[in-house]
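Values in this document were obtained by computation on a predicted structure and should not be read as measured data. Each chain gets a letter, A, B and so on, in the order its sequence line appears, and its residues count up from 1.
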Protein chains: 2
Amino acid sequence: MEQVSKNDGKGLIKSVQKSLKILKYIIDANEDVALSDIQKALDYNVSTIHHLLKTLIEEGFVSQNKTTKRYYIGPEIFFTWLRGRRPENYFSRVTPILEECVEATGETTNLFIRDNGEALCITGSESPKTLRAFLRIGRRIPLPCTAAGKAFLINYTREELKNYLKDTTKDLISLEEELKISRQRGYTLEINEYEEMITAIGVPVFDRNGRVICTLSTIAPSTRVDEERIEFISNKLMDASKKISELMLGVFY
Amino acid sequence: MEQVSKNDGKGLIKSVQKSLKILKYIIDANEDVALSDIQKALDYNVSTIHHLLKTLIEEGFVSQNKTTKRYYIGPEIFFTWLRGRRPENYFSRVTPILEECVEATGETTNLFIRDNGEALCITGSESPKTLRAFLRIGRRIPLPCTAAGKAFLINYTREELKNYLKDTTKDLISLEEELKISRQRGYTLEINEYEEMITAIGVPVFDRNGRVICTLSTIAPSTRVDEERIEFISNKLMDASKKISELMLGVFY
DNA sequence: TAATCCTTTTCAGATTATGAAAATGCTTTT
DNA sequence: AAAAGCATTTTCATAATCTGAAAAGGATTA
């Protein structure tokens, strides 16, 4: 009678499932995790967790800090992004989504990850127009005064924001207010703020936990964007963000 | 009496260990793998493999192509490289090694992954000198006529080389001969070959299976490098390569 | 239509993972 | 300095789970 979800446990290996949930927990954590953290989060027996962790360590998927005893992501997945042998590798999957965006809006669009308290541009696609904002992969930009950077902060609390305001002229209250508006409409704005004559629209990309894992931004000469255009571009960006999220949720092929 | 290696199986969860070996096999494969491939490689019972794969799929670490039935890397680790929240994230670990290299040699040094039959520059560090080769992260360069590119081909057979010679003037025999020499001395060379007045030295970075997962190259104005200098730079590059390999083997903390 | 090959499912039995509890190690408190 | 507190690690008997042979299912070829 009761219609269960497609896989209600039949044929699945419990110990493996547990180990993978532990692995996910460690991957998603912002810092090294203690065994007791895992115990609290997943409610498995500490002994079970310990055995599973030992196995994960043995195979290189998890590492342990010898002094703090805490666990963190192991080398085996740490450098997965470097393994670029396959034709359908990581960059190849994401970049076409940005290219689509550029085709629709005509403006340069980039993808940023967070690295050392800055936003780092790791891929993108350039506007075909003669007058255009340049794509600069590898460039680092600050978080609190750029569209892509602000998108990383979109869900931040006042406490967290304080850390990123040391080197800027921005004050806490105005940024907080701005992020609140951004949160509501779904995108961040940067109008002649970080660079003169440049307007940028930023959008966060969320993982399955609703946390920002990377951001997208479209940059254009300010003369080419009015309110209507911002609306149009932000919609395209949000579409792209959804597509990247979907990729991460496993909607391949 | 017999001194066994630190972990001869005690306390390790066998099913988890098997599942992780399967996962590694899939991560390392050049193409989608069949269940029978895994069976041949690891010699587990097909039923066991199937159950483990089902669990890996359920948790998102492996995906399956519905039409070919073949297995490939799942979303859960697919986008691990995008998760840049942690302070010690992926780029932050590698880039300092390149910076060290630049400090020693004074020349621009970059890291490349393979992407779509080209070498893609994903990070690097720039020479501090006034006359310098520019770092261009995001730039794509061909495999058979650049130092970084040739480093990817260093262990290639004649058959594999043929695929990469379609668009170039290079002939098979001379490239094969050049790679043979490169293999022996440990680095590749590109002297005024892809760009005029530019000399580059390339070095592969190996994974635990001895396969090239990324390459490093130092580029400099040709006027600044003689044989002795090439020797010096290549040594520094090989040191950096070893360090990155070690990172991947889990020698953290 | 039969044969071949590969994937998927079944199920009973045997191995293996589990969890309570104890031990160990480290830090804080008295 | 001793003891309490807290977290990780180990132990071990037993219950639960994984394993693997075999069969079924599905797709392609002869």
Side-chain angles (χ1 to χ4, degrees), chain A residues 4-26 29 31-74 252-253, chain B residues 4-26 29 31-74 252-253:
Chain A
V4 284
S5 66
K6 56 180 174 182
N7 239 328
D8 70 320
K10 288 207 294 182
L12 299 180
I13 310 294
K14 295 239 166 67
S15 56
V16 172
Q17 206 165 19
K18 282 180 187 169
S19 74
L20 296 177
K21 290 217 191 287
I22 291 172
L23 185 53
K24 273 192 224 177
Y25 182 80
I26 293 171
E31 38 186 58
D32 295 3
V33 300
L35 192 146
S36 54
D37 295 332
I38 300 171
Q39 201 283 316
K40 273 169 219 149
L42 302 176
D43 198 32
Y44 304 150
N45 184 289
V46 284
S47 170
T48 303
I49 297 171
H50 188 256
H51 283 133
L52 294 172
L53 282 170
K54 214 168 161 185
T55 312
L56 285 163
I57 290 169
E58 175 75 12
E59 296 298 327
F61 286 84
V62 167
S63 294
Q64 184 176 32
N65 183 325
K66 263 104 190 169
T67 60
T68 66
K69 301 281 178 188
R70 283 165 176 262
Y71 300 92
Y72 60 98
I73 191 174
F252 295 168
Y253 280 90
Chain B
V4 284
S5 66
K6 57 180 173 179
N7 238 329
D8 71 321
K10 286 207 296 182
L12 299 181
I13 310 295
K14 296 237 168 69
S15 56
V16 172
Q17 205 164 20
K18 283 182 188 169
S19 74
L20 296 177
K21 290 216 192 288
I22 291 173
L23 185 53
K24 273 191 222 176
Y25 182 80
I26 292 171
E31 38 187 59
D32 294 4
V33 300
L35 192 147
S36 54
D37 295 332
I38 301 172
Q39 201 283 316
K40 274 169 218 148
L42 302 176
D43 197 33
Y44 304 150
N45 184 289
V46 285
S47 169
T48 303
I49 297 171
H50 188 258
H51 282 133
L52 294 171
L53 281 170
K54 214 169 162 185
T55 312
L56 285 163
I57 290 169
E58 176 75 12
E59 295 298 327
F61 286 84
V62 167
S63 295
Q64 184 177 32
N65 183 323
K66 264 102 189 172
T67 61
T68 66
K69 301 281 176 189
R70 282 165 178 265
Y71 300 92
Y72 60 98
I73 192 173
F252 295 168
Y253 279 90

- Separation of atom CZ in Arg70(B) from atom C1' in dT7(C), rounded to whole Å: 12 Å

- Task: Walk me through it: do Ile26(A) and Leu53(A) pass the test side chain to side chain contact (heavy atoms under 4.5 Å, CB included)?
- Result: CA-CA 11 Å; Ile26(A) 293 171; Leu53(A) 282 170; 3.9 Å; yes

- Axis deviation across the helix from dT1(C)-dA30(D) to dT30(C)-dA1(D), five-pair ends, to the nearest 10°: 30°

Please tabulate the protein-to-nucleotide N/O contacts below 3.5 Å involving nucleotides 24-28 of chain C, giving atom names and distances.
none

- Task: For residues Tyr71(A) and Asp37(A), determine if any side-chain heavy atom of one lies less than 4.5 Å from a side-chain heavy atom of the other.
- Result: no

- Message: How many whole angstroms separate atom NZ of Lys54(A) from atom C1' of dT10(D)?
- Response: 8 Å

- Is the distance from OP1 or OP2 of dT8(C) to the nearest side-chain N or O of Tyr71(B) less than 4.0 Å? yes

- Query: Under 4.0 Å between a side-chain N or O of His50(B) and OP1 or OP2 of dT7(C)?
  - Reply: no

- Hey, what do you get for OH (Tyr25(B)) to CD1 (Ile38(B)), rounding to the nearest 0.5 Å? 7.0 Å

- Take the protein atom CG of Leu56(B) and the nucleotide atom C1' of dC18(D), then report the distance between them rounded to whole Å. 15 Å

- Whole-Å distance separating the CD atom of Gln17(B) from the C1' atom of dT19(D): 16 Å

- Note on the structure: Tightest non-hydrogen contact, residues Gln64(B) and Ile57(B), listed as CB-CD1, 4.0 Å

- Looking at residues 35-49 of chain A, who's got a heavy atom less than 4.0 Å off DNA chain D? Leu35(A), Ser36(A), Ser47(A)

- So, is Gln64(A) close to the dT9(D) phosphate, meaning a side-chain N or O under 4.0 Å from OP1 or OP2? yes

- Message: Distance check needed: dT9(C) P versus Ile57(B) CD1, whole Å only.
- Response: 10 Å

- Within the structure, does a side-chain N or O atom of Lys14(B) lie under 4.0 Å from either OP1 or OP2 of dT19(D)? no

- Could you tell me the separation between the NE2 atom of His51(A) and the C1' atom of dT17(D), rounded to a whole number of Å? 16 Å

- Item | Considering all heavy atoms, the nearest Val16(B)-Ser15(A) contact | CG2-O, 3.5 Å

- Smallest heavy-atom separation, Leu12(A) atom then Gln17(A) atom, equals CD1-NE2, 3.7 Å

- Message: If I take atom OG from residue Ser19(A) and atom NZ from residue Lys54(A), how far apart are they, to the nearest 0.5 angstrom?
- Response: 15.5 Å

- Task: Between Leu53(A) and Leu52(B), name the one whose nearest nucleotide on DNA chain D is closer to the 5' end.
- Result: Leu53(A)

- Item | Under 3.5 Å donor-acceptor, Lys24(A) side chain and Glu59(B) backbone | yes

- Query: Taking His51(A) for the side chain and Ser47(A) for the main chain, is one N or O donor matched with an acceptor at less than 3.5 Å?
  - Reply: yes

- Task: Let me know the distance between CD1 of Ile13(B) and P of dT10(D), rounded to the nearest Å.
- Result: 13 Å

- Residues Ile13(B) and Thr55(A): closest non-hydrogen pair is N-OG1, 3.0 Å

- Of the non-hydrogen atoms in Thr48(A) and Lys18(A), which two are nearest, and what is the gap between them? CG2-CD, 4.3 Å

- Item | Which atom of Phe61(A) lies closest to which atom of Leu23(B), heavy atoms considered | CE2-CD2, 3.7 Å

- Under 4.0 angstrom between Lys18(A) side-chain N/O and dT18(C) OP1 or OP2: yes

